[in-house]
2 protein chains.
Amino acid sequence: MTEVTDRISRRQVDKFAERRAQLATSALRTLSELGYARTSLREIAQNSEFSHGVLHYYFRDKVELITACVKQYKAECVTRYDQIVVTAKTAEGLRKDFAEALATTCREDASMHRLWYDLRNQALFEESFRKDVLEIDQTLEQMIWRVVTTYADLAGRPLAVTPGTAYGLLDGLFTQALLRHLSGVPGATEDLAAAAHQTLPKLLDA
Amino acid sequence: MTEVTDRISRRQVDKFAERRAQLATSALRTLSELGYARTSLREIAQNSEFSHGVLHYYFRDKVELITACVKQYKAECVTRYDQIVVTAKTAEGLRKDFAEALATTCREDASMHRLWYDLRNQALFEESFRKDVLEIDQTLEQMIWRVVTTYADLAGRPLAVTPGTAYGLLDGLFTQALLRHLSGVPGATEDLAAAAHQTLPKLLDA
DNA sequence: GACTTCCTTGGACAACTGTCAAGAAAAGCG
DNA sequence: CGCTTTTCTTGACAGTTGTCCAAGGAAGTC
């Protein structure tokens with residue numbers, strides 16, 4: 001009996017979680033297009049295949065929906081550059097691949113990334129976002145740290161910076177490139193690749 | 001006749017501009033506290049000594065008000081580190097003063113800076129903000145560039161990065177520190193000072 | 001088949017938004 | 001003083017927002 005009900009309730013939970021994810025994906029699309037400030041629940045629902053009422057069946061309130069979106073986005077980000085790390089054979093190869101991957105991300109995932117920065121900024125004002133944002137930020141920092149440590153290993157030189165510093169520096173380059181790219185400044189992503197390529201060895205000791 | 005009317009109209013213009021500035025200052029206080037997404041014109045008016053209707057007497061619409069706020073903020077920022085540049089005698093002194101000034105700014109002007117980042121992010125979504133934001137961003141880049149070039153001069157070593165890269169790197173450190181500081185992470189501003197202190201010489205050629 | 005539980009809809013709600021206009025109040029001017 | 005212009009307040013407007021709920025459909029169970 002318990003087995004059956006367990007199986008049932010688990011199936012229900014799965015379906016529930018599945019629809020939550022589906023709605024979150026839909027919301028992410030709308031959010032990345034309009035930004036946090038201008039996105040309403042009705043707008044999210046309208047861009048999905050459901051009515052606006054259903055959002056409150058799957059999410060307690062707006063904050064819980066947005067938080068779910070952020071968490072879902074996290075999963076997408078976390079492994080973005082791991083392939084590069086794994087396949088890297090030389091320091092120079094890693095440096096080149098990483099710099100170009102950054103530029104490609106900036107070019108092709110600009111909308112999702114401006115949303116990430118938007119939500120990270122909301123955390124500066126609204127305490128309710130802070131926990132999740134800090135968690136994602138730390139995951140990104142670790143992702144960068146994997147790249148940087150691998151680069152140092154391949155180069156056979158010790159690292160000269162902390163994980164936080166390495167992440168802050170590279171994230172700053174990305175932020176700037178994103179603003180310029182979305183503003184239509186020509187060569188913004190190429191400049192990002194060049195700057196990242198130039199910065200990576202500076203994170204190492206002489 | 002023309003002289004008199006000119007004087008009068010100029011006085012009127014001055015009074016007009018003065019009140020605009022006064023309202024913008026009030027709005028900046030509210031904006032820096034609530035963030036762009038949650039700030040309404042009524043809230044701004046309530047935190048000023050005027051009624052909400054007066055805002056539309058001095059500003060055509062919300063965008064014009066916010067833009068005026070941003071421009072006013074710019075004037076405050078632009079000369080922030082110039083004193084340090086002017087009084088610097090040695091590279092080491094400049095490096096130490098600048099790193100500590102960054103940390104102090106992060107500690108004491110956190111609210112204004114989160115607003116700046118908030119508005120800069122809005123520019124990623126709303127085209128109407130882009131022009132002014134890019135202008136301010138460039139001004140900040142130049143401010144950083146004055147610091148960095150002075151540092152290189154005093155150190156007697158050539159610079160290895162572009163103005164954009166230098167600004168991006170340092171701005172990234174600041175952004176990260178701001179998030180941590182506002183999230184209550186202990187030592188966030190001290191870490192910023194250390195990271196900036198460590199980063200400055202890396203911008204120079206060996 | 002009846003019955004229960006789950007899911008979804010669409011409408012209602014109060015609160016809030018930016019905007020505007022009519023008129024009061026204040027200031028400037030003859 | 002009166003008169004005009006500038007400045008400000010107040011209330012109204014149409015639209016939007018997050019939230020909630022009654023109703024009915026869908027799906028699953030016996």
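To find a chain, count down the sequence lines: A is the first, B the second, and so on, and within it residues start at 1.
Smallest separation of non-hydrogen atoms from His197(B) and Arg95(B): O-NH1, 2.5 Å.
For the pair Leu41(B) CG and dT9(D) P, the interatomic distance rounds to 15 Å; values are reported in whole Å. In this entry the distance linking OH of Tyr36(A) with C1' of dT17(D) reads 12 Å, nearest Å. We find that CZ of Arg42(B) is positioned 11 Å from C1' of dT10(D), with the value rounded to whole Å. One atom, NZ of Lys62(A), and another, P of dT17(D), lie 8 Å apart when rounded to the nearest Å. Separating the CG atom of Leu65(B) from the C1' atom of dT17(C) is a distance of 15 Å, rounded to the nearest angstrom. Between Gln46(A) atom CD and dG18(D) atom P there is a gap of 13 Å when expressed in whole angstrom units. The separation between Glu43(B) atom CD and dA15(C) atom P is 16 Å, rounded to whole Å. When rounded to the nearest whole Å, the span between CZ of Phe16(B) and P of dA27(C) equals 18 Å.
Between Glu141(A) and Arg180(B) a salt bridge is recorded (basic side-chain N to carboxylate O distance below 4.0 Å). One finds a salt bridge joining Arg80(B) and Asp109(B) here, because a Lys/Arg side-chain nitrogen approaches an Asp/Glu carboxylate oxygen to under 4.0 Å.
Side-chain atoms of Thr105(B) and Tyr81(B) form a donor-acceptor pair, as typed in the model, at a separation below 3.5 Å. Tyr117(B) and Asp171(B) share a side-chain donor-acceptor pair at under 3.5 Å.
Evaluated for a side chain to side chain donor-acceptor pair (under 3.5 Å) with Thr189(B), the options Arg107(B), Glu100(B), His181(B) yield exactly one hit, Arg107(B).
Heavy atoms of other residues, nucleotides or ligands lying less than 6.0 angstrom from NZ of Lys96(B) number 12 at most. Within a 6.0 Å radius of CD in Glu127(A), no more than 12 heavy atoms belonging to other residues, nucleotides or ligands are found.
Heavy-atom distances under 4.0 Å link DNA chain D to Phe50(B), Ser51(B), His52(B), Gly53(B), Val54(B), Tyr57(B), Tyr58(B) of residues 50-59 of chain B, given in residue order. DNA chain D is contacted by no residue of residues 115-129 of chain A, taking any non-hydrogen atom closer than 4.0 Å.
Thr30(A) pairs by the side-chain contact (heavy atoms from CB on, under 4.5 Å) definition with Leu34(A), Thr39(A), Glu43(A), Ile44(A), Asn47(A), not counting sequence neighbours.
Taking 4.0 angstrom as the limit, Ser40(A) places a side-chain polar atom (N or O) nearer than this to OP1 or OP2 of dT17(D).
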